[in-house]
Asks: 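Handing you a structure now.
Indexing begins at 1, ligand by ligand and atom by atom, following the structure's order. This is a predicted model, so every value here is computed, not measured.
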Amino acid sequence: MRYISTRGQAPSLSFEDVLLTGLASDGGLYVPETLPQFSQEEIASWAKLNYADLAHKILLPFVEADVSSSELKTMVDETYAGFNHKAVAPLVQLDKNEWVLELFHGPTLAFKDFALQLLGRLMDNALIKRDKHLVIMGATSGDTGSAAIEGCKHSKRVQMFILHPHERVSEVQRRQMTTLMGDNIHNIAVRGNFDDCQQMVKQSFADQSFLNGGQLGAVNSINWARIMAQIVYYFYAAVALGGPHRPVSFSVPTGNFGDIYAGYLAQKMGLPIKQLIVATNENDILHRCISANQYQKHGLVQTLSPSMDIMVSSNFERLLFDLYDRDGAALSELLEGLSNGTADSLEPQRWQKARELFSSHRVDDHTTCDVISQVASQHNYLLDPHSAIGVEAGRVCNQHPEVPMVTLATAHPVKFPEAVIKAGQVEPQLPSHLSDLLERPERCDVLDNDLSIVQHYITSKL
Ligand SMILES: *Cc1c(COP(=O)(O)O)cnc(C)c1O
């Protein structure tokens, strides 16, 4: 399988080339040229597979030109054996036809582990074959950093530099990054905000000369391999609930549109999905776009669900590529207009196409806390704020009460105690593998908000 850029100007690449690069050279994102198709009989035959075996079936067609079946098997087996629940992604029932898919049993207690635990192994495998090394640079406001570090801490081929805004991430989130001690892991606290960190990463990708011939790799969700790994749990949940003979709907707490885009791909690969619901917090550009075809950037709002605090969603471009019939030139023109303010909506018939599958809802902090406390008292189940937004959006947007509605529970509530306490609930305890997190030694360097200082630090460590 080959991968092509959404902007239509960059060369097509193999899976492993896509895995090891960031953006395409034309500024686009890589997507598969074609998607594997699974028949209803084949999907039905997966009902008894465990998570790792299902992942192997679904992911092999995407990687098999570069990764052998047995290599992939070893990697998925190791990845999902590291999760703290036998089912890996257990389904919990809240009410009749209302379900929660718990995606927080990985090492850092958020769904990003599903992809990043595998990504580290895929990268190492590719780099060893090529006898190459990779420098990874990423900016994080919380969840991505720890999941990426956990995923690469054993890598012999990756040197990882994770930038976070100094004193602007929660203690649990900081410690989940700074207490991981691999020699190849470098935590940098930047005296600035998250945007400053992200800006330095972007500038470094655009001009990699400071690495003297070295190569930068990306671990944010522009990396195709992350999207790919997330397709699996849509199949897993649907088959467990009687699919493919019975359709299922999903409500997805959404920030960068990576997770829900994986659900869209699952549907295109043959999984009967009735509705896909984009659940946003007050940073609602996607809700405004899907509900009213209004795509204007607003200022960033800080909410109780910080992992969804975004102004624009990078992976939305991958959906737009399909809505614009995979016409890279037309898409480039649209994106240019949206970013310089001369356009603020999609062509109406393209927007209508998106509405056939997607609906959306915005949930503010007040309602988020109400949902956490309502679900706790009526169903004796503690949601994290991101997942609570998903549950609420699933209820509001549900057009088919006879179809199971599955909300993706993207994080464990212990990671977001502020919302849990505001909702009047008792603060949950860290699970046993993290119970001494607050006592572990930390390693992190604080640097000024200055690109040349950060780049000099990086080269000094290589
Ligand atoms: C990253 C994250 C999200 C948003 O996922 P996207 O793929 O960016 O849409 C939602 N919830 C949690 C807890 C996250 O960490």
Asks: So which atom in Leu437 and which in Leu430 form the shortest heavy-atom distance, rounded to 0.1 Å?
Replies: CB-CD1, 4.2 Å
Asks: If you take all heavy atoms of Leu13 and Thr21, which pair is closest and at what distance?
Replies: CD1-OG1, 4.1 Å
Asks: Could you grab the distance from atom OG1 of Thr108 to atom CD of Gln173, nearest 0.5 Å is fine?
Replies: 9.5 Å
Asks: For Leu109 and Lys415, which heavy atoms make the closest approach, and how far apart are they?
Replies: O-CD, 3.6 Å
Asks: Present, as a list of atom pairs with distances to 0.1 Å, all nitrogen or oxygen contacts under 3.5 Å between ligand 1 and the protein.
Replies:
residue: ligand 1; atom: 7 (O); partner: Gly258; partner atom: N; Å: 3.2
residue: ligand 1; atom: 7 (O); partner: Asp259; partner atom: N; Å: 2.9
residue: ligand 1; atom: 8 (O); partner: Asn256; partner atom: N; Å: 2.7
residue: ligand 1; atom: 9 (O); partner: Gly255; partner atom: N; Å: 2.8
residue: ligand 1; atom: 9 (O); partner: Asn256; partner atom: N; Å: 3.2
residue: ligand 1; atom: 9 (O); partner: Phe257; partner atom: N; Å: 3.0
residue: ligand 1; atom: 11 (N); partner: Thr410; partner atom: OG1; Å: 2.9
residue: ligand 1; atom: 15 (O); partner: Lys112; partner atom: NZ; Å: 2.5
residue: ligand 1; atom: 15 (O); partner: Asp143; partner atom: OD2; Å: 2.6

Asks: Can you find a heavy atom in the side chain of Leu49 that is under 4.5 Å from one in the side chain of Tyr236?
Replies: no
Asks: Could you tell me whether Asp322 and Lys268 have a side-chain N and a carboxylate O separated by less than 4.0 Å?
Replies: yes
